[in-house]
Structures are given as structure tokens and as C-alpha cells.
Number of protein chains: 2
Amino acid sequence: MTRPEVTRPAAASAAGKPTRVLVVDDEPQIVRALRINLTARGYHVLTAHDGTAALRAAADGKPDVVVLDLGLPDLDGSEVIAGLRGWSKVPIIVLSARTDSTDKVRALDAGADDYVTKPFGMDELLARLRAAVRRSATGAEGEEAVVSTESFTVDLAAKKVRKDGAEVHLTPTEWGVLEVLVRNRGRLVAQKQLLQEVWGPAYATESHYLRVYLAQLRRKLERTPADPQHLLTEPGMGYRFES
Amino acid sequence: MTRPEVTRPAAASAAGKPTRVLVVDDEPQIVRALRINLTARGYHVLTAHDGTAALRAAADGKPDVVVLDLGLPDLDGSEVIAGLRGWSKVPIIVLSARTDSTDKVRALDAGADDYVTKPFGMDELLARLRAAVRRSATGAEGEEAVVSTESFTVDLAAKKVRKDGAEVHLTPTEWGVLEVLVRNRGRLVAQKQLLQEVWGPAYATESHYLRVYLAQLRRKLERTPADPQHLLTEPGMGYRFES
DNA sequence: GATGGGCGTCAAGGGCGCGTCAAGGCGCAC
DNA sequence: GTGCGCCTTGACGCGCCCTTGACGCCCATC
């Protein structure tokens, strides 16, 4: 049984909260151009015009990535990097007009993740930004992938389910159904979509499978399987997981 | 808690094993220049001159970082990136003579970590390489080097296993399987992932290997091999180590 | 009140994945 | 050459899990 990996085009938000970008530059037109481009692609943009404000904004705003110009009026670029790296591992992409190799080396060794020279292509900067965010996302994953209800908890990364503290064993298909519903928690999942994601595109009409497996999941997880509180049926449409 | 980072000229090895770099390029003079520079700085250098060899070398050599030229004779660059990303998170730094912005975007979105255009400054490449290695290292660090159960203990750093005080001898493959499971302790490891990380990407479907080796590990480590407490099977899905 | 579709429940059987044992083959050290 | 691990491969039995069918209930429609 092949479970088709959903490969969606990387968006600024993976169906969750938007990615937060801190843009640090003292040239208003650069900040403005970045803000427009990033906002249009669904990012949430914070800005700072000097190093002191940048450090404060990074602490307050918890950005997912920082775009940092090196030519700031108050602090040297490597001081800003060091100030961030003292307490945060947030990816830093350095912007600079200086093409000198020693500047690049110094910034990268100070803790920057990438270095882009001005003038830069917006496409390239956005691609490097996506790469930086992707990297830090894959590392931080698996920590907060736990979804809880008053009856049971689902750990998406560990593929574990607990009910009243005890581990509940699920078969691969049971897990497949539950995983799709939990990843779309709060939203209605159409029968066709559920069948295609778990069983494959050829099974889009085998709705009887869903009845059998939803019954099994309810029997294993719900407190009152006959009156489910979390694995809900939307008659004629599909199923929904509510926490 | 601030740890005053000593800004030392980052060495290729932090008093441990040398960092392994896989250099992929079909131009001998580039490979040669990189080999000389990297070896002089304490890196261990692997080389490949086409995409097929690169994928094989990556599976066999387990490099810590890959430097990949895009203009290879046999495979397209993004194919190589995709082939690596299918089973590995190793940092990839792309080298290319093409300065076109769309090439950069394509490579980065395919999964590359950085993009350097030829001709490149050796200092800059080395700094980007240090940055890539530093990033992937900070994520992997901080794990307990010794993991214990009531039956046996695993020392990940020393590659040693003890049961009731006595050292247990493991073959290389047995260790490979155990190491992947222990590093993902508590989490389910899919059969495919386990096979790819231990045997390489070409062995993703040889699930019979796993049955043989899990049986051997259980016979050597579990108190009751027929009823394992720590090396658990999740039928149809994979295996899990529980302490 | 009759009827049909959608849903939930239960049970049976058959396939397939898993564990187990063992033999062959290859590389490597002596 | 010879012996010894170690990896690979095959055969086989067992238990679990997916599939499928039958049946009753609820509810909307007529």
C-alpha cells in the first residue's frame, strides 16, 4: 500500500501561521521593496532600521528568519550577528553592498547563514530565504507535533497514540486515516480526499472502508464510541477531527 | 544562559573525527584544487565526477556536506539533489558557472542549501562550507551519548554496547541499525528510512534484511528475544526503540 | 406510513508481512 | 590455502490485518 506523499509548492505558510521575517536595513527603499514582495507572498514582515532596534525586534517579534543589511548606522554588522547568536539560532541572511571576499568570510564565520550582495535579484533572495526557512523547519520539527483531546493524544512525529496514559496500538491503515484527519484538524475532509490519501487514487469511491475504519478508531480512542466527540461524521460529505 | 563563543578559526574537526566532504565535479582541476585546499584544512575529501557516482558515494561515504557542480555529464543537477534529498538531509552547496537567477532558484528550491557561482573565491566557499557544517552540527548535538534500558546500554559516541556489564560485540550492520533506532528513540522509524540510512537508497525495499537483523539484535540484547521490550515492531510501518 | 440511501456494526476468510532457522558466498586475516 | 566472520538469500509456518459481505438503524423524501 503506497501512501502518496503530498508535495505541495512551498508556500510562506504551511497551512499554519505565516512565516515571520525580520528585515533590517537603513535604506527605506530596500525595506519597502522587501516588505511589498514578502507580504505579497504571505510572509509576515517586521522591520528595523538600525542594529539596536534589530536586536530588540528579534527578541520581541520571534522572527523565523532575519534579513540583515551590514551597513547599519549604529552597530557593526558582526556585532548584530553576535548579539543574535548569543541566544538564538534563527537563520540570518546578510545583505551587503560589499563584494569583498573577506567581508563575506567574516559575516559567515560570525554566524550568518547566507550572504547576498547588492544589487540582488528578488527571486534569488526569496529562494535563499525559502531554503533557510526550510532548513530550520526540518530541524525543529518533531518537537511540538502532539495533538491532544480530553480523551486521547496523538504524536504525529513519533506515530504514537495514547489514551489515559497507555499506548494504543494502531494498524497502518488506522494510523493513515487518523493522521490525515489530525493534520486537517478542525476542517472537514471529504471522503474522496481521505480515501485517495490513504488508499491511493484508485480507491476514491470505496466509502465502505471509511465506515469500517472510523468505527475501529472510535472504538479504540473515543470514550463513548457510539457518541463520538472528536472523530465526527458529516453525513454525505466526509469526516472531521475536533480537539 | 550565554555560552561565550570563542571565535576561533573554525577547524574542520572539533577535536573529533574530521568533517567528511563529498566533492562532485567533472572538471579535474576544480576537484584537484578543492581537494588540496580542503585536505590542508583537515577535511576528509571524497570525490565523484558524475551524478551516478555522486549518489553512490553519498550512500557509501556518509559525507557531512556535499559540494555539487551542476554541469555534470550524466544527470541534471536537480536530479542529483532530488536523489540525495530523498533519503538524506546532508547540506548541499551547489557550484555552477551559470549566473542566471532562475538556475539558482531552481537548485535552491530543489533542496540545495547554498549556491556559489564560478569562478568562486576559495575563501568564500570555505566560509560557506563552515556555515553549512555548523548549522547541521548544532541541530544534531545535545543528545545523550549514552542511552540505557533495564537490559542494556548503548554508547553512541564510543560505539559500544553493554549488557549486564559485559560488552556485546555487534557487526557493522547490526550497529548501523541499532544506531538509527536509538538516535530516533521513542519515535517510529519507517522501514524505508531505516533501510536507506543503513544500506543506502538502492535498498529501500529489502525489508527482509530488517527482519533478519532485528532478530539478531533482539537475540543479543533483549532479555526475552521472543517478547522484545525495547526493539519493537510496528507491523506494516516500521520499528521503534523504547527505553 | 412506506421507501431508499447513507451510516454503523459485526464477523469471516484469505493474503501477506513478520519471525525464525539455515545454508551459501564473499572478503579478509593468518 | 584455509578458516572465520559477516552479509545475503531462501524456505516455511504463524498470526494479524485488510477486505468483503450481511444486516439493522436513522433520516429524508414522497
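All chains are named by letter (A, B, ...) in the order of the sequence lines, taking the proteins before the strands, and each is independently numbered beginning at 1.
Checking the phosphate oxygens (OP1, OP2) of C/dG6, no side-chain nitrogen or oxygen of A/Arg211 falls inside 4.0 Å. The side chain of B/Ser207 places no N or O atom within less than 4.0 Å of a non-bridging phosphate oxygen (OP1 or OP2) of C/dG17. Between A/Thr171 and D/dC17, a side-chain N or O to OP1/OP2 separation shorter than 4.0 Å is absent. Within the structure, a side-chain polar atom (N or O) of A/Thr233 is placed less than 4.0 Å from OP1 or OP2 of C/dG8. Of the side-chain N and O atoms in B/Trp199, none sit less than 4.0 angstrom from OP1 or OP2 of D/dC7. Phosphate contact (OP1/OP2 of D/dC7, side-chain N/O of B/Tyr213, threshold under 4.0 Å): present.
Comparing atom distances between the B/Val212 side chain and each of D/dT19, D/dT8, C/dG8 picks out D/dT8 as nearest. Comparing C/dT9, D/dT9, D/dC17 by their nearest atom to the side chain of B/His208 picks out D/dT9. Side-chain proximity of B/Gln191 to D/dT8, C/dC18, C/dT9: nearest is C/dC18. Considering only side-chain atoms of B/Tyr209, the nucleotide from D/dT20, D/dT8, C/dT20 that sits closest is D/dT8. Listed candidates were D/dT19, D/dT20, D/dC17. Nearest to the side chain of A/Tyr203 is D/dT19.
Ranked by how close their nearest DNA chain D nucleotide is to the 5' end, B/Glu174 and B/Pro235 are led by B/Glu174.
If you measure from atom CG of B/Leu194 to atom P of C/dG17, you get 17 Å, rounded to the nearest angstrom.
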